[in-house]
Amino acid sequence: MDKNLDTKYDHLKVEAGKYDYWLKQDSFKADPTSDKPKYSIVIPPPNVTGKLHLGHAWDTSLQDIIVRMKRMQGFETLFLPGMDHAGIATQAKVEERLREDGISRYDLGREKFLEKSWEWKEEYASVIKNQWATLGLSLDYSKERFTLDEGLSNAVKKVFVDLYNKGLIYRGERIINWDPAAKTALSDIEVIHKEVEGAFYHFKYMIEGTSDYLEVATTRPETMFGDVAVAVHPEDNRYQHVVGKNVLLPGNGKPIPVIVDEYVERDFGTGVVKITPAHDPNDFEVGNRHDLARPVCMHLNGTMNELAGKYDGLDRFIARKQLVADLEAAGLVVKVEKHVHSVGHSERTDAVVEPYLSTQWFVKMTEMAQRSVDNQKSDNKVNFVPNRFEHTFLQWMENIHDWCISRQLWWGHQIPAWYHNETGEVYVGADAPADVENWTQDEDVLDTWFSSALWPFSTMDWPNEEADMFKAFFPTSTLVTGYDIIFFWVSRMIFTSLEFTDERPFENVLIHGLVRAADGRKMSKSLGNGVDPMDVVQKYGADSLRYFLTTNSAPGQDLRYNEEKIESTWNFINKIWNASRFTIMNLDGMTAADVNLEGRTFNIADKFILSKLNATIKAVNYNAEKFEFGEVDRYLYSFIWEDFCSWYIEMAKVPMSGVNEEAKTTTRMVLAYTLEAIVKLLHPFMPFVTEEIYGLISGAEASISVSAWPEERTFFEDEHAVANFTLISDIIKSVRNMRAEVEAPMSKAIRMYVDVKTERDLGMLKENAAYLERFCNPSELTLNTGLVLAEETMSAVVTGASVLLPMEGLVNVEAEITRLSAEAKKLEAEVKRGTSKLANEKFVSKAPEKLVEEERAKLIDYEAKLAEVSARLEALKK
RNA sequence: GGAGGAUUAGCUCAGCUGGGAGAGCGCUUGCCUGACUUGCAAGAGGUCGGCGGUUCGAGCCCGUCAUCCUUCACCA
């Protein structure tokens, strides 16, 4: 293998071929019979309706991070891929395609239409799989599932039949949300409510046999052909005299009774409500109470039917317009007010949803919802991250309505119910009745969420509870999804799982937000502000995209797309690339496999970086366990860029340019050891580039994806490590001070020597021969400005006296005085702050002792610094 | 009407159990220093939305107000 890296990180070159390599190695294959502890994540199955968007990329990247980390940490890890048939959404797409050819699904017939739908599915499934590969998701394709697979379909049937037999599924005539475009029923949450400017129409309902009338207001005038009564409140004195009489429907003069019902609010509108049981859920209830008829006045496609008389066949909105105009002409309109109200729209077709009387299948929710709520108080609870989403979930569960699950579609799981051709008897079963020729199966299919509700266990070969998959990987470990589908999906998985397996479907559910466009708005097709993740990958690489997506927000928060940040992520990777390049150039053929740190003599820089590395690994582990990947990023970023690149690599240049071979070997080992740990820690986030670097420095044959996670390892006895850490921190601070004083550029290593001020620092330096090598050769101490340290300055350093560099001609004295004055001012403020804090008796007595001690130490430190700065200032002023 | 979130540097956002405000980008100044100018070094910039409260101590806890956003329900 070529052991050199280009000067520049080329994401396209680095990412090419890696995914195939992983698949070839079977790196992602999970063995359910393994003895190892198990970890499993099922992918939220994307709809086979189209390509993946940035939201998917975010969601799946999070999962892949968790899964790759767990795999490296020694778990038998399953990341299960799969897709959702997405009933109404896919059917709408297929129908749209057919429409372009001028045909409808009815022209084709059910069977042919389903063929077309399967073709569509295959087409988009392959697009999606390519996108998963591009993103580098470590999915086990041998376990791939689709919601319409035979196994999953059997699970669906079993659940339906069992729920029916338990009385938790029923068929009934109810007001449902009707989508006249798709011509199907919808569940409540598939309806999107939008504020629409409509009108409040006030009509005269003439009291039969009089010239008096009741004023009735409505937002949907066309439904009056379904009116069977008008209602007033039983205690509304304004209308007692007309109760029991008839009023005439303005549209056709038909008499209907005036009834009383508590449902009417006296203060709203006119206090008179038209009752249309077949077109309004509240009116339906009123109708039931009063045993009223339930005439339907519209066809399924949203046009008026024969009840509407002359408006028969007209679209409901055209009929509304004409009806109002006609009534206006007839003098039956009191007024028309503008009225902003929310109108339900179909989530998929955007058609205005019509409340419509229809016979449908429902899941009875109260008992299962209650069980889910109770379960959250048990040890089997689902751990929501962030926790606040548990309240969202509970609240929804506590206010839930029955779930309408039948859909008048073809693409989906056909309902396993048959009706007897003669008796009308209902048969529900996984298999068709024996004398099937006498029966007709329900034409409808199930809500697509009915099958996704079973996803965590139906994908694990359930209902075979003895299956290896089920036993090994269910309940799953973590589910990752957006807060927008807690109701649709998360909650339904929870209650079905509890009902059928007595287990939670997943231990944790990590909730993330939405990806927003750069302007803060939702990304949407209509706004044209969407960003294709594949374009981002092309430009910056999947590694950059993944890192950006997963480290730039806190759990549960939305993420604004920000190309500059992706760019800076790219720069970070380039930085890692070049640190690797430096390392490899200096390893002289050594690999991480050759590293043996036992018994080596470490210099201060080695101790520093190894201690820091250990602290970083701990912080990464701690935060990753909490899914705080933004925090993980901050630890990794500063460790890599600051500690490793800016300090360790710079300091490593000293021994590497020296003559002490042992010191060089130690440095090489520490470099290789640290870099290997770095790429492993980063691998879950940026799998491609870390694989590339690992291949060059690890000396290992296998992929980094199956390598062992860096262990927390304390090289030095605790105090020693801490002491070293403090010492190097002091030096770093001294160097920083020096940089501020001397405007000329200098190598960091050299500056470390000239800035030694105390016996302790000096002692430390003497211990570190690699540095002293250069220190003992004053002729090399030529600064870039041409300044050479004089012999007397050298001896001043060695005796530990305070050193003042001869800065004349090197430093702008005026500017330096200004700067030092400012610093002195800051220090004075600090001293003042510390003094007053310690003078506060309450602080001293109530605050933890440790803290008070720290304050005292800090005060002493600041006082010393102030004295020093003042002295320098004085010296400069002379 | 119910529930939840946001408000921190010019911009985009972090800030985990209360103990001296952080990052990236942008900006200023100086540098091609033997991995990296996609870089190096130094720096400026914040009464943490307002007002109360709890506390020795509040960006963080409590109350309240304001602005923005989500979501559920209702809307004859």
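Just so it is clear: chains get the letters A, B, ... in the order the sequence lines come, proteins before strands, and each one is counted from 1. Computed over heavy atoms, backbone and side chain alike; hydrogens, waters and symmetry mates excluded.
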Assign [X] to base, sugar-phosphate, or nothing according to its heavy-atom contacts below 4.0 angstrom with the strands shown.
X: Val264(A); answer: base
X: Lys626(A); answer: base
X: Phe389(A); answer: nothing
X: Asn574(A); answer: base
X: Asn623(A); answer: base
X: Ala554(A); answer: sugar-phosphate
X: Thr219(A); answer: sugar-phosphate
X: Tyr862(A); answer: base
X: Glu265(A); answer: base
X: Ile649(A); answer: base
X: Thr392(A); answer: nothing
X: Lys826(A); answer: sugar-phosphate
X: Arg220(A); answer: nothing

Between [X] ([atom1]) and [N] ([atom2]), how many Å, whole number?
X: Phe487(A); N: rA3(B); atom1: CZ; atom2: P; result: 14 Å
X: Lys565(A); N: rC13(B); atom1: NZ; atom2: P; result: 7 Å
X: Ile486(A); N: rA3(B); atom1: CD1; atom2: P; result: 17 Å
X: Glu567(A); N: rU12(B); atom1: CD; atom2: P; result: 17 Å
X: Lys842(A); N: rC56(B); atom1: NZ; atom2: C1'; result: 7 Å
X: Leu394(A); N: rG2(B); atom1: CG; atom2: P; result: 20 Å
X: Glu631(A); N: rG15(B); atom1: CD; atom2: P; result: 6 Å
X: Phe843(A); N: rG19(B); atom1: CZ; atom2: C1'; result: 7 Å

Among [options], find the nucleotide with the atom closest to the side chain of [X].
X: Ala847(A); options: rG19(B), rA35(B), rG2(B); result: rG19(B)
X: Arg560(A); options: rU12(B), rG39(B), rC16(B); result: rU12(B)
X: Ser553(A); options: rA14(B), rA35(B), rC74(B); result: rA14(B)
X: Cys645(A); options: rA3(B), rC25(B), rA35(B); result: rA35(B)
X: Asn840(A); options: rA3(B), rG39(B), rC56(B); result: rC56(B)
X: Glu628(A); options: rG39(B), rG15(B), rA3(B); result: rG15(B)
X: Tyr483(A); options: rC36(B), rG5(B), rU70(B); result: rU70(B)
X: His193(A); options: rG39(B), rA14(B), rA73(B); result: rA73(B)
X: Leu851(A); options: rG5(B), rA35(B), rG19(B); result: rG19(B)

Under 3.5 Å, is there a donor-acceptor pair between the side chain of [X] and the main chain of [Y]?
X: Asn578(A); Y: Arg581(A); answer: no
X: Asp558(A); Y: Leu514(A); answer: yes
X: His279(A); Y: Glu354(A); answer: no

Q) Tyr239(A) and side-chain contact (heavy atoms from CB on, under 4.5 Å): which partner among Val258(A), Leu214(A), Val260(A), Val264(A)? A)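 Of Val258(A), Leu214(A), Val260(A), Val264(A), side-chain contact (heavy atoms from CB on, under 4.5 Å) with Tyr239(A) is met by Leu214(A) alone.
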Separation between the [atom1] atoms of [N] and [M], rounded to whole Å:
N: rA44(B); M: rG2(B); atom1: C1'; value: 48 Å
N: rU28(B); M: rG45(B); atom1: P; value: 15 Å
N: rC25(B); M: rC61(B); atom1: P; value: 30 Å
N: rC62(B); M: rC68(B); atom1: P; value: 24 Å
N: rA21(B); M: rC27(B); atom1: P; value: 28 Å
N: rA58(B); M: rC72(B); atom1: C1'; value: 34 Å
N: rG5(B); M: rG43(B); atom1: C1'; value: 36 Å
N: rA14(B); M: rA23(B); atom1: P; value: 16 Å

Q | Dot-bracket pairing map - RNA chain B, Watson-Crick plus G-U, both contacts under 3.5 Å, | cross-strand | A | (((((((..((((.....[..)))).(((((.......))))).....(((((..]....))))))))))))....
Which value, rounded to the nearest 0.5 Å, describes the distance between [X] atom [atom1] and [Y] atom [atom2]?
X: Leu510(A); Y: His512(A); atom1: CG; atom2: NE2; answer: 8.0 Å
X: Leu549(A); Y: Ser544(A); atom1: CG; atom2: OG; answer: 10.5 Å
X: Glu222(A); Y: Arg320(A); atom1: CD; atom2: CZ; answer: 4.0 Å

Q: Please determine which of Phe572(A), Phe629(A), Phe685(A), Phe644(A) meets the ring-ring contact (aromatic ring centres under 6.0 Å, His included) test together with Tyr637(A).
A: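 In the set Phe572(A), Phe629(A), Phe685(A), Phe644(A), the residue that makes a ring-ring contact (aromatic ring centres under 6.0 Å, His included) with Tyr637(A) is Phe572(A).
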Taking 4.0 Å as the cut-off, does a side-chain nitrogen or oxygen of [X] come that near to OP1 or OP2 on [N]?
X: Lys522(A); N: rU70(B); result: no
X: Asn571(A); N: rG39(B); result: yes
X: Trp647(A); N: rC40(B); result: no

Q | Ser580(A) vs Thr218(A), nearer the 5' end of RNA chain B by closest nucleotide | A |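 By nearest-heavy-atom nucleotide position, the 5'-most residue is Ser580(A).
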Q. On RNA chain B, nearest-nucleotide positions of Ala217(A) versus Tyr9(A): which is more 5'?
A.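 Whichever sits nearer the 5' end wins; that is Tyr9(A).
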Q.
With a 6.0 Å cut-off on the ring centroids, do His11(A) and Tyr540(A) count as close?
A.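 That pair fails the under 6.0 Å test.
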Q | NZ/NE/NH1/NH2 to OD/OE distance under 4.0 Å, Lys565(A) and Glu567(A) | A |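 Here Lys565(A) does not pair with Glu567(A) in a salt bridge, since their nearest N and O are not under 4.0 Å apart.
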Q: Could you check whether the rings of His202(A) and Phe200(A) sit parallel, tilted or perpendicular, using 30° and 60° as the cut-offs?
A: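 The rings of His202(A) and Phe200(A) stand perpendicular, inter-plane angle above 60°.
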